[in-house]
Undergrad: 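Structure below; questions to follow.
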Amino acid sequence: MTKLIELTDRDRKIISFVKEFKAVNTSTIANLYWKDCKQKQILAERRLKLLVENKKLRRDRDSILSEYYYYIGTKVPHFKHSCLIAEAYAQLKLNYDVLNYKREVQLYCRNENLKADLVVILKKDGKPIPLIIECDISRPYAYKYDSYITDNYWSSKFGVKPTIISISKWQPKSNIPIEYINVETFKESGLLIK
């Protein structure tokens, strides 16, 4: 029998986060919303299970050995990509002062239409630092920013061009500097901004 629950503020934040990022795994939610608890993974799993039982979230996993990922509505076809983007945001949120962020941002430059996975403005050493995060699981995309970065928009708005971070299986081939993080070692190495 399902235990009925009353939604807490944390529950609402989790639901909103999952809705925005489309798919989020248990460890990312645990790190963000139970960050000061010693048993954060266990506490997150218990609460998320109740949210699933009360039909506030849905969950699935790749195999019996994989951790669950959570979503709302229909199953997310590229859930690994969404989970990776959510993890990148969580690492930034836990290590820096995030001023603003937006998921799936349309970027316009000359005749090109670009869609960034995640744009984050964080504060480091008292200055706003714009970041464009591109997660490339199936094929490399970071090169698409070559002409965009040469545009003057970022320099005029922030006084600095954005840092592009590619979380990928492939070292990006590009005419502009791109910080590369190997997707296989991402969880261990983390996301630190230079």
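These figures come from a predicted structure and were not determined experimentally.
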Undergrad: Side chains of V119 and Y101: closer than 4.5 Å at any heavy-atom pair?
TA: no

Undergrad: Determine whether the aromatic ring centres of Y89 and F21 lie less than 6.0 Å apart.
TA: yes

Undergrad: Distance from I29 atom CD1 to E45 atom CD, nearest 0.5 Å?
TA: 11.0 Å

Undergrad: Using a strict threshold of under 4.0 Å (side-chain N to carboxylate O), is an ion pair present between D60 and K75?
TA: yes

Undergrad: On a heavy-atom basis, which atom in A44 and which in A30 lie closest, and how many Å separate them?
TA: CB-CB, 3.6 Å

Undergrad: To the nearest 0.5 Å, what is the distance between OH on Y69 and OG on S82?
TA: 9.5 Å

Undergrad: Sub-3.5 Å donor-acceptor pair from the side chain of R58 to the main-chain atoms of G73, do we have one?
TA: yes

Undergrad: Any heavy-atom pair between the side chains of I72 and I15 that's under 4.5 Å?
TA: yes

Undergrad: To the nearest 0.5 Å, what is the distance between CG on L57 and NZ on K55?
TA: 12.0 Å

Undergrad: If you define the side chain from C-beta out and look only at heavy atoms, does anything of K35 sit under 4.5 Å from L94?
TA: yes

Undergrad: Is there a side-chain contact between H81 and I85, using heavy atoms and a 4.5 Å cut-off?
TA: yes

Undergrad: Apply side chain to side chain contact (heavy atoms under 4.5 Å, CB included) to residues L92 and I133 and explain how you reach the verdict.
TA: CA-CA 11 Å; L92 289 171; I133 298 174; 3.5 Å; yes

Undergrad: Between atom CG of L84 and atom CD of E134, what is the distance when rounded to the nearest 0.5 Å?
TA: 10.5 Å

Undergrad: According to a hydrophobic-cluster definition based on side-chain heavy atoms being under 4.5 Å apart (Ile, Leu, Val, Met, Phe, Trp, Tyr only), do I42 and V52 belong together?
TA: no

Undergrad: Do K22 and Y71 make a side-chain contact, defined as non-hydrogen atoms from C-beta onward lying under 4.5 Å apart?
TA: no

Undergrad: Is it true that S27 and E67 share a donor-acceptor pair across their side chains at a distance under 3.5 Å?
TA: yes

Undergrad: With a cut-off of 6.0 Å (strictly less than), are more than 12 heavy atoms of other residues, nucleotides or ligands near NZ of K40?
TA: yes

Undergrad: Please round to the nearest 0.5 Å and tell me the distance separating atom CD of Q41 and atom CH2 of W34.
TA: 10.0 Å

Undergrad: Out of curiosity, does V98 fall in the hydrophobic cluster containing F17 (side-chain heavy atoms, cut-off under 4.5 Å, transitive links)?
TA: yes

Undergrad: Answer yes or no: is there a donor N or O on one side and an acceptor on the other, between the side chain of R103 and the main chain of D117, under 3.5 Å?
TA: yes

Undergrad: Regarding D97 and K124, does a basic nitrogen lie under 4.0 Å from an acidic carboxylate oxygen?
TA: no

Undergrad: Checking side-chain polar atoms at under 3.5 Å, does T28 have a donor or acceptor matched by the opposite partner on E87?
TA: yes

Undergrad: Using the side chain to side chain contact (heavy atoms under 4.5 Å, CB included) rule, take N25 and R61 through it: C-alpha gap first, then chi angles, then the decisive distance, then the call.
TA: CA-CA 9 Å; N25 60 30; R61 58 183 170 185; over 6 Å; no

Undergrad: Any salt bridge between K49 and E53, counting N to O under 4.0 Å?
TA: yes

Undergrad: Is it true that, when you exclude Q39 itself, more than 12 heavy atoms of the residues, nucleotides or ligands shown sit nearer than 6.0 Å to its CD?
TA: no

Undergrad: I would like to know whether V120 and Y96 meet side chain to side chain contact (heavy atoms under 4.5 Å, CB included); could you show each step before the answer?
TA: CA-CA 11 Å; V120 178; Y96 300 97; over 6 Å; no

Undergrad: Does NZ or CZ of R59 come closer than 6.0 Å to the centre of the six-membered ring of Y68, within 45° of the ring's axis?
TA: yes

Undergrad: Side-chain contact test, heavy atoms from C-beta onward, threshold under 4.5 Å: evaluate it for R46 versus L50 and give yes or no.
TA: no

Undergrad: If we only count heavy atoms from C-beta on, is the L7 to N54 side-chain gap below 4.5 Å?
TA: no

Undergrad: Mind checking whether L43 and V24 sit in one hydrophobic cluster, side chains of I, L, V, M, F, W, Y counted as touching below 4.5 Å?
TA: yes

Undergrad: Are any of the side-chain heavy atoms of L118 and V105 separated by less than 4.5 Å?
TA: no

Undergrad: Please evaluate residues L32 and I14 with respect to the criterion side chain to side chain contact (heavy atoms under 4.5 Å, CB included), reporting the C-alpha separation (whole Å), side-chain torsions for both, the decisive distance (0.1 Å), and the verdict.
TA: CA-CA 9 Å; L32 273 177; I14 291 169; over 6 Å; no

